[in-house]
Each structure stands twice: as C-alpha cells, then as structure tokens.
Amino acid sequence: MARTVKHLFTSESVTKGHPDKVADQISDGILDSLIRHDPRARVACETLVSTGLVVVAGEVTVHTPKAEKALLDVEDTVRQVIKDIGYTDPKIGFDHRSCAVLKALHRQSVDISQGVTEGQGEHKEQGAGDQGLMFGFACNETRALMPMPIYLSQRLTERLSEVRETGVLPWILPDGKSQVTVEYHDNVPARIHTVVISTQHSEDVVSPKTGNITIKARKEIIEKVIKPVVMDECPKLWNTRIRFHINPTGRFVIGGPHGDSGLTGRKIIVDTYGGRGSHGGGAFSGKDPSKVDRSASYMARYIAKNIVAAKLATACEVQLSYAIGVPDPISILVDCEGTAVIAERKIAKAVGDLFPLKPRKIIEHLKLLRPIYLATAHDGHFGRKGRGFTWERTDMAKPLRKACEL
C-alpha cells in the first residue's frame, strides 16, 4: 500500500485597514474616479501612507472635462476612501479629516503613449502598456477554484471587516491580518492545521492586569470570525486539533498607517494566490487596464479557471508575456502540474484559438473600461463574486472541452 505524502502550506491576507491595503484602495479609488468619466484615461497612480499623511504620485492622462475635474478633486477622493475603510477617529492616529494629502501627478510619457494608443506607434494596434510576464492560477481545492490557504485567509479578513462594520465585534479596529496553514495528504487538503488572526483593537478589550487582549476577546474571534468562515467554506476540514494564534503579541492597539507606513503594490502575493503558483512581479492597483500587469493577469486567471472548470486538469498555471507597444503576446504557457487529462500542447492551442490575448481584446472581453477597481483592492483580486469580477466567469469551459475534443 502506498504511503501517504503529507505537507503543510501557508498563505496570508490583510484587512482593508492594513496600511498597504489603504494605499492600494486609494490608488484604485482614484483610478475609478477617472475612468468613470473617461474610459480612455491612462492612469499609473502610486500611494504612500504614514502617520497623518497621504502622498499620491504617478502618471495620469485624461481626455474629458469631467475627468479633468475628477483629477482636480483627487484629495476629496482620497479622503472618501479613507473614511469608507473606517479611519474616522483622530484618536487612532490616522483619519480622513485631519490627514494631509500631497499630490504629485503628471501626464503619461508620450513615448509610452504612442505604443499603447491605437492608431499610433509602429504596430498601429493598441500595444501592451509595458513589457512583462503575467501568471494566472486555478485549482479544484475550493468552489471558487482557488488554493485553499489563500482563499480562507482572504475570507477571514473579509469577515474581520464585516464584524467590525456591522458592530458584531465593535472593539475591532481597521488594521488586521490572517494566516492559514492547511495540511495536505497526497496534494489534497486534509485538515486545517493552524489559523493566525492579528486584529487591531480598542482599549475596551485590554485586560487591566496583563495589558494584553482578554481571553474572552480571543474566544470571540474564534467563534464569530474563524469558525463561521471555515464552516461555510469547508466544514469537513474543521477539527478539534486546529491551532489558533489570536493576537499572538498580546496587544495591537496602535495600527494602520499610524503604526506602519503603507505603499501601493506591496501585497502582490496577498492579492493573487498566496504563494501557490508563480508571480510575474507586477502590482495591480492604481493601473488602468492598458497596463498588462493588470489586464493580462486577469486574463491568465480567466484562462486557468476555465481550464480547471472544464475538467481538463485539477490544477493549472498560465503564463503570458508581452513587449511594450506590441499587441500580440510574446509567449503562452499552460502548465497543469501533471494533472492534465490530455496533452498540454493541445490545451495551449485551444487557449490561443479561443481566448482574446491582445490588450484591446482582453479589455473588451473582460469589460475592463469600468470603475470596478476599488472593490478589487481588498480581500484578493481572484476567487471573488460580483459583476465587476468578469475574469471569474467559467463561460469558456464548454468551448474549451469541445476544442480539445472532449
């Protein structure tokens, strides 16, 4: 009888109020405010947050009067995003009213623009906004076809925000992190091994004796945050041997941008697959869809998810690569990690035949010229529900099976 091979795999996520995610949401909030009035806007917006300070910098080109006004109103957009996250009290060191907002935005380089804008440049078609490599991944570990550790981590941060915003646990503050370790048997999730939750909290749940968060508060996190998520997503994996580390430092009152600086694009593994699969290195937030770092990564996920949904494989990673100003991808790779039911070259050919891979076609097919991006800037870009997450559809599964003669 073959011996079971066991291994552990861990992924993490962060809440809306984590300083890096605050920066991501500000960048995408600005993008949405511009693309709402000018779908052709070119935006590459970076944000830095620290104690009482927001710095917005980057390259922006807009073409309509309403978008020009939105660009002038960037400070209002920044403050609204911060307010919506939950930073509304100056006592915690960062809030939407009192923070300073510095803006350093200028027009996109004309050298880049001529390669991206249709009808200009050497190729005349809309080319990629930059060179680079992008990855998409999917597997059958969850109903969302996401790896289980990152999917659970993201749902836990989502739940932390929910219990804070609805008042279920009013002592929770915006900053927080989650981490999930899953035990695999022969590459199949067998049980949840460890869950780590660190959440910013008010003084209300600090024990006067120890100066740390109370045992009661820790139990509330397990019962009202962790258990509901696990029981909803994978009830069979709930077990009495799960190790819980709830605020393991004991105290987490100082948090958010007051506790640590935040930068756009510093949570790219949290945003994607939690370390499962590869990453091309490009961040998403603050970039309009002409930037293939974003749009081609969404397309790669769409392809990988449909391959798994079509039952052509139980796991799939797709790599796309582009050159700046060039419309067609430089390379397409489909890697099913030995789980494909037919030759990967056949799947790759079907992908090339069925999926639009030029930047303009990607944008059209996934309907990316809409103000949908702020919602992506927290709790993961993949494995999500909603009208904006078009890359999560599995409408190409049947065409793929037909093209592969299955």
Side-chain angles (χ1 to χ4, degrees), residues 24 27-28 30-31 34-35 38-47 56-63 67 71 104-137 263-266 268-269 271-272 277-304 317-334 348 351-352 355-370 372-373 376-377 381 391:
D24 283 343
S27 292
D28 272 339
I30 292 170
L31 171 61
L34 299 174
I35 209 169
D38 179 8
R40 297 186 301 121
R42 295 284 184 259
V43 184
C45 180
E46 313 290 344
T47 303
V56 178
E59 299 79 46
V60 176
T61 302
V62 294
H63 311 89
L71 190 55
L105 298 170
H106 57 87
R107 291 181 67 85
Q108 184 187 53
S109 161
V110 294
D111 294 346
I112 296 174
S113 178
Q114 74 170 12
V116 177
T117 303
E118 192 164 8
Q120 299 181 14
E122 186 176 331
H123 296 273
K124 301 304 178 185
E125 290 185 77
Q126 179 174 340
D130 200 353
Q131 71 176 47
L133 49 143
M134 301 85 205
F135 289 92
F137 185 82
L263 292 169
T264 298
R266 202 159 58 177
I268 58 176
I269 300 303
D271 283 343
T272 53
S278 306
H279 197 294
F284 301 154
S285 289
K287 297 178 181 178
D288 75 83
S290 73
K291 279 75 172 174
V292 285
D293 276 342
R294 184 167 217 162
S295 53
S297 293
Y298 291 169
M299 176 54 74
R301 161 64 177 172
Y302 180 55
I303 294 168
E317 182 174 87
V318 172
Q319 187 202 53
L320 304 173
S321 70
Y322 291 84
I324 188 168
V326 179
D328 291 299
I330 302 301
S331 64
I332 305 168
L333 173 69
V334 174
V351 166
F355 288 87
L357 298 177
K358 293 181 179 182
R360 184 172 68 85
K361 294 296 184 180
I362 291 174
I363 290 167
E364 290 175 355
H365 190 84
L366 297 181
K367 301 178 181 177
L368 299 180
L369 293 180
R370 300 179 294 154
I372 60 173
Y373 297 104
T376 70
H381 290 247
W391 49 91

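Side-chain atoms are counted along with the backbone in the values below, which use heavy atoms only and exclude waters and symmetry mates.
For I372, the side chain to side chain contact (heavy atoms under 4.5 Å, CB included) partners are L368, R370, W391, not counting sequence neighbours. Residues satisfying the side chain to side chain contact (heavy atoms under 4.5 Å, CB included) criterion with A323, sequence neighbours excluded, are V326, I330. With sequence neighbours excluded, the residues forming a side chain to side chain donor-acceptor pair (under 3.5 Å) with E364 are R360, listed by chain and number. Legend: residues meeting ring pair (Phe, Tyr, Trp, His ring centres under 6.0 Å) with Y302, ordered by chain and number and at least two apart, are F355, H365. When the side chain to side chain donor-acceptor pair (under 3.5 Å) test is applied to Y298, the partners found at least two apart in sequence or on another chain are R294, H381. Looking at residues two or more places apart in sequence or on another chain, you find a side chain to side chain contact (heavy atoms under 4.5 Å, CB included) between E317 and F135, F137, S278. Remark: T47 pairs with S27 by the side chain to side chain donor-acceptor pair (under 3.5 Å) rule, at least two apart or across chains. When the side chain to side chain contact (heavy atoms under 4.5 Å, CB included) test is applied to P39, the partners found at least two apart in sequence or on another chain are L369.
Looking at every heavy atom in both residues, H63 comes nearest to D38 through N-OD2, 2.6 Å. The two residues L105 and C45 have their closest heavy-atom pair at CD2-SG, 4.5 Å. Scanning both residues, A300 and G136, for their nearest heavy atoms gives CB-N, 3.3 Å. Annotation for V60 and L71: closest pair CG1-CD1, 3.9 Å, computed over non-hydrogen atoms. Scanning both residues, P356 and I362, for their nearest heavy atoms gives O-CG1, 3.3 Å. Heavy-atom minimum distance, Y322 versus P327: CE2-O, 4.0 Å.
Between the side chain of K367 and the backbone N or O of I363, no donor-acceptor pair lies under 3.5 Å. Looking only at distances, no side-chain donor or acceptor of D328 sits under 3.5 Å from a matching main-chain atom of K358.
With respect to S285, the side-chain contact (heavy atoms from CB on, under 4.5 Å) criterion is satisfied by exactly one of T264, I268, I30: T264. The salt bridge (Lys or Arg N to Asp or Glu O under 4.0 Å) test with K287 is passed by exactly one of D293, D24, D28: D293.
Atoms CD1 and CZ, on I35 and R40 in that order, are 11.5 Å from each other to the nearest 0.5 Å. Taking CD from Q319 and CG from L333, the interatomic distance works out to 6.0 Å, rounded to the nearest 0.5 Å. Once rounded to the nearest 0.5 Å, the distance linking NZ of K291 with CD1 of I324 reads 9.5 Å. With rounding to the nearest 0.5 angstrom, the OG atom of S295 is 8.5 Å from the CE atom of M299.
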Could you check R107 against E59 for side-chain contact (heavy atoms from CB on, under 4.5 Å), going step by step and ending with a plain yes or no?
CA-CA 5 Å; R107 291 181 67 85; E59 299 79 46; over 6 Å; no
One pair to check against side-chain contact (heavy atoms from CB on, under 4.5 Å): L31 and D288. What are the steps and the verdict?
CA-CA 7 Å; L31 171 61; D288 75 83; 3.9 Å; yes
Go through the steps to decide whether L263 and E46 satisfy the test side-chain contact (heavy atoms from CB on, under 4.5 Å), and finish with yes or no.
CA-CA 8 Å; L263 292 169; E46 313 290 344; over 6 Å; no
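A side-chain donor from one of S331 and S321 sits under 3.5 Å from a side-chain acceptor of the other.
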